[in-house]
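The model shown is predicted, which means the values in this text are computed figures rather than measured ones. Letters A, B, ... are given to chains in the order of the sequence lines, protein chains preceding strands, and every chain is numbered from 1.
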There are 2 protein chains.
Amino acid sequence: MASSRRPGTAPPSRPEPSADGSPSRGGTPSGARPTSRDVARHAEVSQATVSLVMGGKWQGRVSPRTAETVRSAAQALGYRPNLAARSLRLGRTRTALLVVPALTHDYFARVHTGASRVAAEHDFGVVLYPSPEGTGPAVDPFGSARAALDGVIASSMAPEALAALRDGGQLPLVMLDSDPGAGHSPATVNLDIADGMRQAAAHLLELGHRRIAHLAAEIDTWTFGVRARALHEALAGTSGTVVRTERSPLSVEDALHAATRILEAAPRPTALVCDDDLLAAGACKAARRLGLRVPEDLSVTGIDDLSLATALEPELTTVRLPAEEVGAEGMRALLAVLDGRTASTPVLPVELIRRGSTARPPREERP
Amino acid sequence: MASSRRPGTAPPSRPEPSADGSPSRGGTPSGARPTSRDVARHAEVSQATVSLVMGGKWQGRVSPRTAETVRSAAQALGYRPNLAARSLRLGRTRTALLVVPALTHDYFARVHTGASRVAAEHDFGVVLYPSPEGTGPAVDPFGSARAALDGVIASSMAPEALAALRDGGQLPLVMLDSDPGAGHSPATVNLDIADGMRQAAAHLLELGHRRIAHLAAEIDTWTFGVRARALHEALAGTSGTVVRTERSPLSVEDALHAATRILEAAPRPTALVCDDDLLAAGACKAARRLGLRVPEDLSVTGIDDLSLATALEPELTTVRLPAEEVGAEGMRALLAVLDGRTASTPVLPVELIRRGSTARPPREERP
DNA sequence: CGCGGCTAGTTATACGTACAACGTTCCCGA
DNA sequence: TCGGGAACGTTGTACGTATAACTAGCCGCG
């Protein structure tokens with residue numbers, strides 16, 4: 001430890017947080033973060049032993065007494081392993097990238113929450129890739145962060161963006177809400193959106209609706225494609241029909257216009273199935289502007305069960321999506337892949353929440 | 001390069017992504033990520049030169065011709081610096097922690113978006129700390145991730161959680177929406193919420209309202225404390241008064257109950273100033289259930305301008321908060337502190353958006 | 001001719017960790 | 001008495017990078 005400083009050995013000058021609230025740990029140097037070597041010195045063992053103990057794999061290699069000594073020394077010094085060094089050594093970073101179209105959509109915020117929760121349980125970190133425009137798909141998730149990732153979880157990616165993802169890195173990839181048959185990824189996590197559409201359709205049929213319109217999202221992802229197909233299939237063979245379909249960007253304002261087009265055309269539907277609660281909100285506004293009451297003159301259903309759904313009046317009948325669970329399962333799947341285990345690829349159930357925006361059709365329309 | 005493998009020199013076995021879509025770069029080994037040494041070999045220079053060139057500080061140290069050679073070699077190999085190694089060497093990670101109460105509140109999602117945008121411009125990463133409960137303040141942002149952070153940006157922290165933050169790490173800290181006078185942090189970014197309240201009050205006074213109630217958020221953070229004080233100050237010396245204040249958790253359902261208490265008490269206010277759009281939504285529901293029309297019988301204002309604000313009917317008059325700008329300025333401030341520059345501590349302007357939920361009070365109430 | 005000063009590099013580390021391979025005791029049975 | 005293990009550690013790297021300190025030409029000037 002004497003100053004045997006050879007040429008080219010000057011350490012990079014750390015800014016040293018300057019005298020302030022530094023807790024002045026019992027550590028060796030002064031204000032610097034303690035390293036495993038400091039702990040070793042403190043516990044009078046070698047650095048390797050500290051590493052073994054802290055790594056938890058000391059069974060039969062270190063005596064319980066020594067292990068305890070090391071642990072308390074680490075505790076006393078406030079030691080925390082340096083993640084950069086660990087990553088460098090292991091070649092893994094314990095960090096996952098979560099790619100979502102827009103965090104400002106509550107669904108994705110919830111997906112993130114779920115993924116983060118599971119990640120935290122496994123000492124994993126989550127980095128978000130925010131889409132440039134806030135609505136479009138992600139474009140280049142691989143900035144300089146790329147080398148620091150162990151895997152990618154991507155939600156609702158458009159095909160072209162997906163291709164870029166595959167091209168860019170050979171990182172393990174888990175897809176959420178994406179075509180499980182496309183073979184892009186070893187693992188997928190999906191919602192049983194088709195069943196949600198079936199539930200919505202069944203609910204409306206049961207109430208007596210026959211002329212049903214579809215307000216679809218103008219987004220070219222698999223999960224939205226499923227919605228349209230499922231609705232048609234659910235009505236096939238029943239007395240109900242999809243009388244009209246309009247597509248709209250995912251905003252209340254745009255949905256208002258699209259819904260207006262639907263409601264002004266003949267024959268006017270008695271129920272409107274919307275791909276998203278935001279669209280349903282727009283539809284409700286459109287109806288009111290045309291002098292139609294919801295649900296007396298028009299029933300409306302959404303998908304998501306955003307907080308918006310209960311803020312509206314009437315409250316929205318909607319298909320609740322277990323967003324957090326999607327994120328959590330996605331992270332579990334990624335962890336499984338990283339572990340070399342085979343990931344389950346669940347399809348999570350959804351549930352129709354019946355509220356005030358659906359009712360029997362107007363009397364003159366009843367069959 | 002010959003196999004001069006000394007004892008204890010076995011490299012950690014990397015899983016090797018297995019023959020698949022690996023682009024088979026022109027690199028030296030095979031499937032492993034190319035390092036600066038690979039680039040050096042390719043360009044027939046030393047590793048140090050590669051580092052200099054890639055680091056951008058080669059002015060006067062490397063000839064332009066050599067620099068170009070290095071750059072194209074790096075390009076050809078698809079070289080990307082290993083962030084773990086860089087972090088280890090530099091002692092910095094280029095990663096910031098963003099602590100927010102709940103991402104599912106759109107305001108914080110937008111803060112995150114802004115912070116991420118600025119971070120990306122500076123090759124910085126953002127890690128989110130999700131609150132355990134989704135609504136309460138963050139508790140222990142320092143898991144094993146702690147060592148991998150350069151700084152912290154914290155929004156709307158309750159005092160006790162703030163203390164934990166200060167205790168835990170001596171990391172640079174930027175506070176958002178927090179008391180700039182508390183001296184907890186070298187830098188703060190704030191909204192001129194007080195002015196927002198003044199604008200709302202002035203708007204209501206101008207419309208003729210005199211009996212105004214306050215539906216406050218039941219959250220003990222500085223920014224919500226300011227709202228109450230500012231409203232009272234804005235009405236002081238005018239003909240208007242705050243006839244009643246109720247506090248409510250930040251949810252539509254809770255706000256409905258709190259607003260009901262306000263509206264059932266005498267004297268009934270003609271206008272209701274709410275601390276958040278969510279509360280305003282609850283207030284509108286409450287009014288309608290009591291048979292009051294908005295805005296004819298009751299004017300309502302919110303704060304935030306969530307997408308919810310225009311989904312409701314009538315659309316909400318609300319104080320628009322530049323959330324993204326808050327996040328962006330917060331990240332700029334943190335970067336400044338990390339650079340040793342003094343951070344500006346801006347107070348961002350807010351703007352009242354007049355929409356359908358406010359109007360003149362009922363005729364019999366007019367002064 | 002010699003030497004300072006520049007240019008254009010190279011060499012030699014160290015950052016903090018994890019782990020393979022190598023001691024060192026100590027005990028036990030033959 | 002001695003060989004053979006366990007049991008318990010330690011030594012010695014290497015991961016990939018950034019940078020201080022050194023070096024080899026080369027020019028020009030005294």
Side-chain angles (χ1 to χ4, degrees), chain A residues 4-14 29 32-41 43-67 69-70 74 79-94 144 147-148, chain B residues 4-14 28-29 32-41 43-70 74 79-94 144 147-148:
Chain A
S4 67
R5 189 140 281 169
R6 259 84 56 89
T9 308
S13 68
R14 274 207 229 167
R33 172 180 299 288
T35 73
S36 60
R37 221 172 304 262
D38 294 325
V39 176
R41 224 172 348 250
E44 296 179 296
V45 296
S46 73
Q47 178 270 328
T49 302
V50 175
S51 183
L52 283 175
V53 173
M54 298 312 285
K57 26 184 102 166
W58 52 278
Q59 308 286 3
R61 318 259 298 120
V62 176
S63 76
R65 215 170 59 79
T66 307
T69 308
V70 169
Y79 168 70
R80 290 194 168 274
N82 180 317
L83 288 194
R86 175 177 291 180
S87 296
L88 177 58
R89 170 69 225 232
L90 295 179
R92 273 176 278 111
T93 57
R94 302 192 79 73
S144 59
Chain B
S4 67
R5 190 142 280 170
R6 259 85 56 90
T9 307
S13 67
R14 274 207 227 163
T28 328
R33 173 180 298 290
T35 72
S36 61
R37 221 172 304 264
D38 295 325
V39 176
R41 224 172 347 252
E44 297 181 294
V45 295
S46 73
Q47 178 269 329
T49 303
V50 174
S51 183
L52 284 174
V53 172
M54 298 313 284
K57 26 185 104 168
W58 53 278
Q59 308 287 2
R61 317 260 299 119
V62 177
S63 75
R65 216 170 57 81
T66 306
E68 188 45 41
T69 308
V70 169
Y79 168 70
R80 289 194 166 275
N82 179 316
L83 288 195
R86 175 179 293 183
S87 295
L88 176 58
R89 170 69 223 229
L90 295 180
R92 273 175 281 112
T93 56
R94 302 193 78 74
S144 59

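Residue B:Arg37 places its side chain closer to D:dG16 than to any other of D:dG16, C:dA18, C:dT10. Taking every side-chain heavy atom of A:Leu88 into account, D:dC15 is the closest of C:dC15, C:dA18, D:dC15. Comparing C:dC15, C:dG9, D:dT19 by their closest approach to the side chain of B:Thr66 singles out C:dG9. With C:dT17, D:dG16, C:dG9 as the candidates, the nucleotide lying closest to the side chain of A:Arg86 is C:dT17.
For the residue pair B:Arg33 and B:Asp38, the shortest heavy atom distance occurs at O-OD2, 4.2 Å. Listed here is the closest heavy atom pair of B:Ala85 and B:Asn82: N-OD1, 3.0 Å. For B:Val45 against B:Val50, the heavy-atom pair with the smallest separation is CG2-CG2, 3.9 Å.
Distance, B:Arg41 CZ to D:dG16 P: 11 Å, rounded to whole Å. A straight line from CG of A:Asn82 to P of D:dT17 spans 16 Å, rounded to a whole angstrom. One atom, CZ of A:Arg89, and another, C1' of D:dT17, lie 17 Å apart when rounded to the nearest Å. The distance between atom CG of A:Leu52 and atom C1' of D:dC8, rounded to the nearest whole Å, is 11 Å. Here the P atom of nucleotide D:dA18 and the CZ atom of B:Arg94 are 11 Å apart, to the nearest Å. When the P atom of D:dT17 is taken as reference, atom CZ of B:Arg92 falls 17 Å away, rounded to whole Å. One interatomic measurement links the two molecules: CZ of A:Arg33 to P of C:dC15, which rounds to 16 Å at whole-angstrom precision. Going from atom CG of B:Leu90 over to atom P of C:dG16 covers 12 Å, rounded to whole Å.
Of the side-chain N and O atoms in B:Ser36, one or more sit less than 4.0 angstrom from OP1 or OP2 of D:dT17. Taking 4.0 angstrom as the limit, B:Thr35 places none of its side-chain polar atoms (N or O) nearer than this to OP1 or OP2 of D:dG16. For A:Lys57 and C:dA18, the shortest distance from a side-chain N or O to OP1 or OP2 is not below 4.0 Å. Taking only side-chain nitrogens and oxygens, A:Thr49 comes nearer than 4.0 Å to OP1 or OP2 of D:dT10.
Of the residues near DNA chain C, A:Met54 and A:Arg61, the one whose nearest nucleotide (by heavy atom distance) lies more toward the 5' end is A:Met54. For the pair B:Ala85 and B:Gly60, nearest-nucleotide mapping onto DNA chain C gives the more 5' position to B:Gly60. Two residues, A:Pro64 and A:Ala48, neighbour DNA chain D, and the one matched to the more 5' nucleotide by heavy-atom proximity is A:Pro64.
Side-chain contact between A:Tyr79 and A:Met54 is present, with at least one heavy-atom pair separated by less than 4.5 Å.
Nucleic acid contact class of B:Ser63 (heavy atoms, under 4.0 Å, all strands): sugar-phosphate only. If you check every strand for non-hydrogen atoms under 4.0 Å, B:Val50 touches nothing.
Here the side chain of A:Thr69 pairs a donor or acceptor atom with the backbone of A:Arg65 at under 3.5 angstrom. Side-chain atoms of A:Ser87 come within 3.5 Å of backbone N or O of A:Leu83 as a donor-acceptor pair.
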